[in-house]
Amino acid sequence: MVNEYKTKKINNGLSGEIIIPPDKSVSHRAIIFGALTNGKIKIKNLSKGQDCLSTLKIFEKLGVKYEFISDRDLILNSSNGITSNKEMTFDCGNSGTTTRLLSGLLSWQNFNSTLIGDESLSKRPMKRVIEPLKLMGADISSNDNKLPIKIKGKSLKGIEYFSPIPSAQVKSCLMLAGLGAQDETTIYEKTLSRNHSEIMLKYLEADIEYGKDEKGFYTKIKKSKLTPKDIEIVGDISSAAFFMVAGAIIPNSSIIIKNVGINPTRTGIIDIFKQAKINFEILNQKTVSNELCADIKVNYTKNIQPFKIEGDIVPRLIDEIPILAVLATQAQGKSIIKDAKDLRNKESDRIKTICESFKQLGLEIEEKDDGFEIVGKKIIDKKATLETHLDHRLAMSYFVLSLINEKEMIIKGFDCINTSFPEFLDLMKKIKCTSCH
Ligand code: S3P
C-alpha cells in the first residue's frame, strides 16, 4: 500500500535553528574511498538515508567491517581489503550514485558482480557509465543499458574520456575505474560537475590532479594507494534547500540552517537566491575535511523576483530544481528553467512529474523538452492529491508547497523521503512547522 500524507497551510512563520544532516554525495564517497584505504578510519557525521546505507551494506558484503560509535559516527575497518566470492549480487536499492560509482570499482576486481536495484532505479539509464567502462576494457552486460548489470572483473586500461554530459556519477565511476587501471585515466567535462570525489581523493593522498585547460575541466588519476585518514562530512545543501525555500516563501519566517556544505560546485541555489533577491546571509564559513561549509540564514521575502536557470549553473543545482520550482510559484513573473534535460532521468522524469502536479494545483507551468517555465501566482488555493512517483525530492518539495496552499493536500508515497532525508519532518517540527504529524 502506498502511504499518503495529509498536509495543510501553516499560519505561523518558521523560526529557529536547525543543523542540517550530512551530505549524501560526500557520505557515499567517504564509505567507498574509506573502504579502499586498507585501514581503520573514523567517519564523522555519515548520512543515515537509505541510499548511503545501501552503499554501506554492499561494502559489508565485500568484507569491510563497520561499527557505529554514535548516531552518525562510525569506525570503518578495511584492513583486510575488499574481498568476495566468485559471484556476488549487490542490491543498490534506489541509489543511482551507488550503482554508477560501484560499477567503476567492481570492473577491475578479481570476482564477478551483479548490480540490482528497486523498480525506479531499474528504469534509469546506465549507458553513460557502461560505454566508457567498456572503452577501458571492462566486461559488462546489462538489460538494454539498464539494471541488472553484470560485471566480470578484469584488468582495465586508462583512457582519455570527454564526458558528453556533466555528471559527477559518470566522472566518479571512471575515477574509481582509473584507481585500478594501468596507465593514467583522464576525464574531461565541458561544465564542471560536483567535485567531492576529487577533493576526497586528494585528501586521502591519491595520485590525482584536476583543473582546467583549453579542452575543458580535467581530472587525471592513476593507480593509487589511499592513506587511511578520518573523514568528517558537512551538511547537505540539497537537504538545506527545502528549508531555504520554505523560509523564503512562508510569511514571518526567519531560520538559521547550520553546517551546510557550500562547495562551489553545489551552490547554484545560492546564485538563484541572489537572482531572486531573497533576503539571506551566509555566516561562519569554515573548512571541514577540505570541504567548505557555513550557516545560512533565510528570512521571508515579500517581493521574490523571477529567475532563469540555464547553461553552466544547471549541474550546480540539478537536485534543487524541484524545490526551486516551488520558489518560482511565488515569484513576481515568469521563471525559466532550461538546459536541464537530464532531469528526465532522475528518480522520476522530474520535468513531466512537476508539470503534472503543478497543473493539478492550478499553477501556470509550461513543459519544455529540457525544462519548464512557471508564472508565479502568489495565492495557491486548490485541493489536490499529488503523486510522488516514489521520488523523495518531489515529496519534500510538495510538502513545502502545501505549507502555502490555502487548501488541504495529500502527498502519495510520502515515505520515500527516507531514501535521502529521514530527519525531514523532525527538522520541520523544530522550526515550528505545525503541519507535521
Ligand atoms: C550525484 C550526482 C548527481 C546528482 C545525484 C548525486 C553524486 O547526478 O543528481 O543526486 O553523488 O555524484 P549526476 O552526476 O548524474 O548529475
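Start at 1 and go down the list; that is how both ligands and their atoms are numbered. These numbers come from a predicted model, not from an experiment.
Contact annotation for Lys24 and ligand 1: no heavy atom of the residue comes within less than 4.0 Å of the ligand. Contact annotation for Arg194 and ligand 1: only side-chain heavy atoms (C-beta onward) come within less than 4.0 Å of the ligand.
Side chain to side chain, Asp213 and Tyr188 meet the donor-acceptor criterion of an N or O pair below 3.5 Å. Between the side chains of Ser348 and Thr353, at least one donor N or O lies within less than 3.5 Å of an accepting N or O.
For the side chain to side chain donor-acceptor pair (under 3.5 Å) criterion with Arg194, the lone passing option out of Thr265, Asp319, Asn263 is Asp319. With Phe33 as the fixed residue, the side-chain contact (heavy atoms from CB on, under 4.5 Å) test singles out one of Leu176, Ile41, Leu105: Leu176.
Considering backbone and side-chain N/O of Ile318, none are found under 3.5 Å from N/O of ligand 1. Between Asp342 and ligand 1, no N or O atom pair is found at a separation short of 3.5 Å.
For atom 10 (O) of ligand 1, the nearest protein heavy atom (residue, atom name, distance) is Asp319 OD2, 2.8 Å. Looking from atom 8 (O) of ligand 1 to the surrounding protein, the closest heavy atom is Lys346 NZ, 3.2 Å. Looking at atom 11 (O) of ligand 1, its nearest protein heavy atom turns out to be Ser25 OG, 2.7 Å.
Here atom 15 (O) of ligand 1 lies nearest to Ser167 when heavy atoms of Gly96, Ser420, Ser167 are compared. Which of His28, Arg100, Arg29 comes nearest to atom 12 (O) of ligand 1 through a heavy atom is settled by distance: it is Arg29.
Remark: distances from the non-hydrogen atoms of Arg393 to ligand 1 include one below 4.0 Å. Every heavy atom of His196 sits 4.0 Å or more from the atoms of ligand 1.
Remark: side-chain polar atoms of Ser78 are paired, donor with acceptor, to backbone N or O of Asn38 under 3.5 angstrom.
Between Phe162 and Tyr218, the distance separating the two ring centers is not shorter than 6.0 angstrom.
Counting the atoms of ligand 1 from 1 in the order shown, those under 4.0 Å from a heavy atom of Ala168 are 12 (O), 14 (O).
Ring orientation note: the planes of Phe424 and Phe399 are nearly perpendicular, at an angle over 60° on the 30°/60° scale.
With sequence neighbours excluded, no residue satisfies side-chain contact (heavy atoms from CB on, under 4.5 Å) with Lys146.
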